[in-house]
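Just so it is clear: chains get the letters A, B, ... in the order the sequence lines come, proteins before strands, and each one is counted from 1. Any value given below was found using the heavy atoms of this structure, including those in side chains, with hydrogens, waters and symmetry copies removed. Treat the numbers as computed from the prediction; the structure is a model and nothing was measured.
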Amino acid sequence: MTDKTIKENAEEKKPLNFIEQIIEEDINSGKHKEIITRFPPEPNGYLHIGHAKSIILNFGLGERYKGKTNLRFDDTNPVKEDVEYVDSILEDVKWLGYDWNGDVRFASDYFDQLYDWAVMLIKKGLAYVDDQSGEEISANRGTPSKPGTSSSGRNRSIEENIDLFERMKNGEFKDGEKVLRAKIDMSSPNMHMRDPVMYRIKHAHHHRTGNKWCIYPMYDYTHGQSDYIEGITHSICTLEFENHRPLYDWFLEHIYETGKTKPRQIEFARLNLSYTVMSKRKLAQLVEEKYVSGWDDPRMPTISGLRRRGFTPESLKVFAEKIGVAKRENIIDVDLLEFSIREHLNKIAQRVMVVQEPLKITITNYPEGESEWLPAVNNPEDVSMGEREVPFSKTLYIEQEDFLEEADKKFFRLKPGGEVRLRYAYFIKCNEVVKDKNGNITELLCTYDPLSKGGNSPDGRKVKGTLHWVSAEHAVDIQIKQYDRLFNDEAPDSYKDRNFTEFINLESLSVAKNCKAEPYLKQAKQCERFQFERKGYYILDKESKHDNMVFNRTVTLKDSWKNKIFL
RNA sequence: UGACCUAUGGUGUAAUGGUAACACAGCUGGUUUUGGUCCAGUCGUUCUAGGUUCGAGUCCUGGUAGGUCAGCCA
């Protein structure tokens, strides 16, 4: 068996999710020769990882089945939308590595067509102008268990409806004075079918159409028709639109022309992540109330936040693949997200040694004023990344937590009289602990074994611990921003009687200001990712200055030792 | 108490009427110049009660639990 056939078999074996099954059936049955999907954000906020799931799903389907994927802004509500959001969404989709089919599209491009179809529906007796107020419409809609009641507008003549709708368009009425409604069924058990509003009056400036319109179509009347115009075959959305599907189909039924593609709406369960919130409204609240520094705060589950945190597009795609696509409500363990980024960064990240809480050590038997440069592997997972050299000298820093004055045998880092390896350098032994008057340890006096250069002793003597270290005189000072989960509760917005902000983790950000890095790090480029050995993965922040380098901690390394300390 | 949807290890996702699988997390051990990586082991009466069938996680019926819907938001 060749590598290729093995790979193909492996791909064949991969189970299909329910959407892929539908698509394969549609292709096999000849219903569609080519599939077209779409990602349809409203430009009223920043994209989050839940959107990433949807983007990866839709564009992934396009790639997998050699079809196309459109990017369309669902911009039917001018008072909430803005070009700022259009720009950030475009950036996020591109960063994820996707290129949409043709130009970026806007639902607002279809306003003329939508208007013409609305007139057509009026002429067919399927839509009417209603002059009830919002409150009246709501009151007369009934409840899920009680049918609604018709308004007088429902019986208007076609001519009058056409006249009124045109006057709505011409701006003869104030906001809220009239709406256009579909004439369906006021007693339908599905609330969405009780004569839904198609158009409302909003004398508002639209980010694309300016002041051309003062009536704007509602989502339900816009989305399916936009899909239809673009020839979308599979219109994939989240579960809360399930109840809208009969309405989606109803509009399409009445404007459909034989021979055209009729899109099919398919719903899947949105992503929920543990220890965070995912609604645009709540994320906006975190920004507005300054719990975070902005939409791209590295603690935010936004795509821009994850990007700044150091996540890679690849890791997000692997994550999306692992969580799958189904219709069941879910809360994904944030551990799985962390696993995905660790897995990728482990393969690609340059290793480097950084001491975050320095403890000075002096190698008493090392010559004063001298230093030497020792080779260090850049990435043990990828030897093609080569080696670099790290400077060693008489005065070094190690991590405070790597020394314990009174340690049990399970602690195999440095202790008085104990020997450890300094990675890529020498074995050292701690002979004396220097303290200040308050009893705080200020320095360790150690000796090194010159024969153990590189990290192995010729006498075959073993040492259990290996520490990272930095030469004091060569050290580069850097800052590290350490992020933890934003909430202390697994599902902060799942409580009916408590506000999600009550669960905010007040220690989600801590800054280590006095970190010592090996000199190699000086050449780090903006947004470059590293593994600081034994600690975690870090990215040089996009706003970092050359003389004041700031790294964001993407994720720690897995630490099976830490877990045991608390036992 | 209307309509629609969902129910499989701690968390997700598979199994398309024929031995419940994979990943993550947890726990045990092994390897290791990162307590990382890697490797091995371990963790389930498929919500429930009936029914169909030689055979049911899968099909049927009833129940239970959860979700969605009463914006001129999307």
Side-chain angles (χ1 to χ4, degrees), chain A residues 14-17 21 40-42 44 74-77 79-81 130 132-135 137-139 141-148 175-181 187-194 196-202 215-216 218-220 222-223 237-246 267 269 274 280 321-340 342-343 346-347 351 353 376-377 380-381 410-413 421-425 427 454-456 463-468 490 531-536 556-564:
Chain A
K14 184 192 154 282
L16 303 179
N17 65 47
Q21 288 178 33
E42 184 189 14
N44 69 342
D74 230 330
D75 55 349
T76 57
N77 188 356
V79 304
K80 288 190 175 177
E81 294 150 8
D130 193 349
Q132 295 181 105
S133 68
E135 296 74 48
I137 288 179
S138 172
R141 185 149 23 220
T143 69
S145 46
K146 261 184 244 154
D175 288 11
E177 232 176 282
K178 300 210 176 330
V179 290
L180 183 72
R181 290 230 253 172
S187 60
S188 170
N190 182 337
M191 298 296 286
H192 297 284
M193 300 299 271
R194 319 246 264 227
V197 172
M198 293 168 63
Y199 272 91
R200 74 287 216 194
I201 299 170
K202 276 180 194 282
I215 56 170
Y216 291 93
M218 299 285 290
Y219 165 85
D220 283 307
T222 308
H223 201 91
C237 62
T238 45
L239 246 31
E240 67 269 27
F241 292 101
E242 215 157 23
N243 293 339
H244 296 237
R245 185 162 13 104
E267 311 86 13
S274 62
K280 270 188 205 173
E321 184 63 41
K322 284 182 189 297
I323 62 177
V325 178
K327 296 191 71 162
R328 171 163 34 155
E329 299 282 344
N330 59 76
I331 301 182
I332 306 288
D333 256 340
V334 72
D335 293 320
L336 187 57
L337 214 213
E338 296 189 346
F339 170 81
S340 304
R342 281 196 191 103
E343 184 185 46
N346 178 46
K347 291 192 193 105
R351 268 60 167 176
M353 291 196 286
V377 174
E381 303 294 317
K410 285 288 203 177
F411 182 85
F412 41 86
R413 276 116 100 144
R421 170 168 41 232
L422 294 182
R423 188 142 157 94
Y424 300 126
F427 285 7
N456 278 311
V463 88
K464 201 83 159 96
T466 301
L467 309 186
H468 62 282
E490 202 173 276
Q531 184 195 103
F532 294 174
E533 294 223 27
R534 302 210 302 136
K535 299 304 275 183
T556 61
L557 250 33
K558 252 184 93 177
D559 188 353
S560 54
W561 165 244
K562 189 178 73 186
N563 299 334
K564 284 179 184 144

S.K.: Any N/O pairs under 3.5 Å between the protein and nucleotides 62-67 of chain B? List them or say none.
M.R.:
{"from": "B:G67", "atom 1": "O2'", "to": "A:E329", "atom 2": "OE2", "distance (Å)": "2.8"}

S.K.: Please list each protein N or O that sits under 3.5 Å from an N or O in nucleotides 17-19 of chain B, with the distance.
M.R.:
none

S.K.: For A:D335, what residues pass the side chain to side chain contact (heavy atoms under 4.5 Å, CB included) criterion, not counting sequence neighbours?
M.R.: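 Applying side chain to side chain contact (heavy atoms under 4.5 Å, CB included) to A:D335 gives A:D333, A:E338, A:R485.
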
S.K.: Taking only residues two or more places apart in sequence or in another chain, which ones pass side chain to side chain contact (heavy atoms under 4.5 Å, CB included) with A:K327?
M.R.: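 Once residues adjacent in sequence are excluded, the partners of A:K327 under the side chain to side chain contact (heavy atoms under 4.5 Å, CB included) criterion are A:F18, A:L239, A:E242, A:E267.
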
S.K.: With sequence neighbours left out, write down each residue that passes salt bridge (Lys or Arg N to Asp or Glu O under 4.0 Å) with A:K535, or none if nothing qualifies.
M.R.: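 Partners of A:K535 under the salt bridge (Lys or Arg N to Asp or Glu O under 4.0 Å) test: A:E401.
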
S.K.: Just to verify, what does A:H244 make a ring pair (Phe, Tyr, Trp, His ring centres under 6.0 Å) with, not counting sequence neighbours?
M.R.: A:H192, A:F241

S.K.: List the residues meeting side chain to side chain contact (heavy atoms under 4.5 Å, CB included) with A:M218, not counting sequence neighbours, and say none if there are none.
M.R.: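 A:M218 satisfies side chain to side chain contact (heavy atoms under 4.5 Å, CB included) with A:V197, A:R200 only.
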
S.K.: Who pairs with A:F339 by ring pair (Phe, Tyr, Trp, His ring centres under 6.0 Å), at least two apart in sequence or on another chain?
M.R.: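 Expected list: none.
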
S.K.: So is the aromatic ring of A:W561 stacked onto the base of B:G35, judging by whether the centres are under 5.5 Å apart and the planes are under 30° apart?
M.R.: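 The ring of A:W561 is stacked on B:G35.
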
S.K.: With sequence neighbours left out, what residues match A:R423 under salt bridge (Lys or Arg N to Asp or Glu O under 4.0 Å)?
M.R.: A:E533

S.K.: Any chance you could encode RNA chain B as dot-bracket? Rule is Watson-Crick or G-U wobble with both distances under 3.5 Å; [ ] for pairs crossing earlier ones, | for another strand.
M.R.: .((((((..((((....[..)))).(((((.......)))))....(((((..]....))))))))))).....

S.K.: What's the closest nucleotide to the side chain of A:K558 if the choices are B:C73, B:U16, B:G26?
M.R.: B:G26

S.K.: Taking only residues two or more places apart in sequence, or in another chain, which ones meet A:P189 in a side chain to side chain contact (heavy atoms under 4.5 Å, CB included)?
M.R.: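 Per chain and number, A:P189 pairs via side chain to side chain contact (heavy atoms under 4.5 Å, CB included) with no residue.
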
S.K.: Could you tell me which residues satisfy ring pair (Phe, Tyr, Trp, His ring centres under 6.0 Å) with A:F532, sequence neighbours excluded, listed by chain and number?
M.R.: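 A:Y538, A:F551.
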
